[in-house]
Amino acid sequence: MTLHGEIAVDINGNKYNSRLNMNAFRLMCDDCFIALAEIDTYMSKKPLTAIPKMIFWGVMNEADWKGEKRPELNFDHFAAHIVSDAETFEKMTNAVVAAMGGTEGNEEKGN
């Protein structure tokens, strides 16, 4: 796993950068009470939750990385936008898969 990538997310006209690196994966694993080795299984079993969770924690990680206050985002509201349509969900899925060292393409920065 390379565990690195970035993707921009638009929530209600507000743009957020999601930094997908080892710290974002750590944050998600802590939030979901899973080990890093269990991420693939979690993604396969619950993709409609796992993909938004990964992107969400990438946004929080971006703020942490910059030393800024984390944005006040409600996860369920955030996830509703990520899974609102197939095109958005596919773009976010591709970004997460690319960050994990997968083979699917990604239009944003990745590994």
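This one's a predicted model, so the numbers in the text were calculated from it and none came from an experiment.
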In the structure I gave you, are the side-chain heavy atoms of V9 and M92 within less than 4.5 Å of one another anywhere? yes
Suppose we screen for salt bridge (Lys or Arg N to Asp or Glu O under 4.0 Å). Which residues come up paired with K45, at least two apart in sequence or across chains? none
Is there a side-chain contact between L27 and D64, using heavy atoms and a 4.5 Å cut-off? yes
Set of salt bridge (Lys or Arg N to Asp or Glu O under 4.0 Å) partners for D76, sequence neighbours left out: none
State, to 0.1 Å, how close A95 and L20 come at their nearest heavy-atom pair, and which atoms those are. O-CD1, 3.9 Å
Using atom types as modelled, flag every donor-acceptor pair under 3.5 Å from a side chain in residues 46-58 to any protein atom, sequence neighbours excluded.
| from | atom 1 | to | atom 2 | distance (Å) |
| --- | --- | --- | --- | --- |
| K53 | NZ | D31 | OD2 | 2.5 |
| W57 | NE1 | D31 | OD2 | 3.3 |

Would you say the side chain of M28 lies within less than 4.5 Å of the side chain of I34, judging by non-hydrogen atoms? yes
Could you tell me which residues satisfy salt bridge (Lys or Arg N to Asp or Glu O under 4.0 Å) with E68, sequence neighbours excluded, listed by chain and number? none
Taken in chain and number order and not counting sequence neighbours, the residues that satisfy side chain to side chain contact (heavy atoms under 4.5 Å, CB included) with N21 are H4, R19, N23, A24, N61
Linking I/L/V/M/F/W/Y whenever any side-chain heavy atoms sit under 4.5 Å apart, do W65 and M22 land together? no
Side-chain heavy atoms of P71 within contact of M60, under 4.5 Å: yes
The criterion is salt bridge (Lys or Arg N to Asp or Glu O under 4.0 Å); which residues satisfy it with D30, sequence neighbours excluded? R26
Under a 4.5 Å cut-off applied to non-hydrogen side-chain atoms, are L73 and F75 in contact? no
Quick one: do K91 and E87 make a salt bridge, cutoff under 4.0 Å? no
Pair H81, D10: side-chain N/O donor-acceptor within cut-off below 3.5 Å: no
M43 versus T93: any side-chain heavy-atom pair under 4.5 Å? no
For the student: nearest non-hydrogen atoms of I82 and T88, plus distance: O-CG2, 3.6 Å
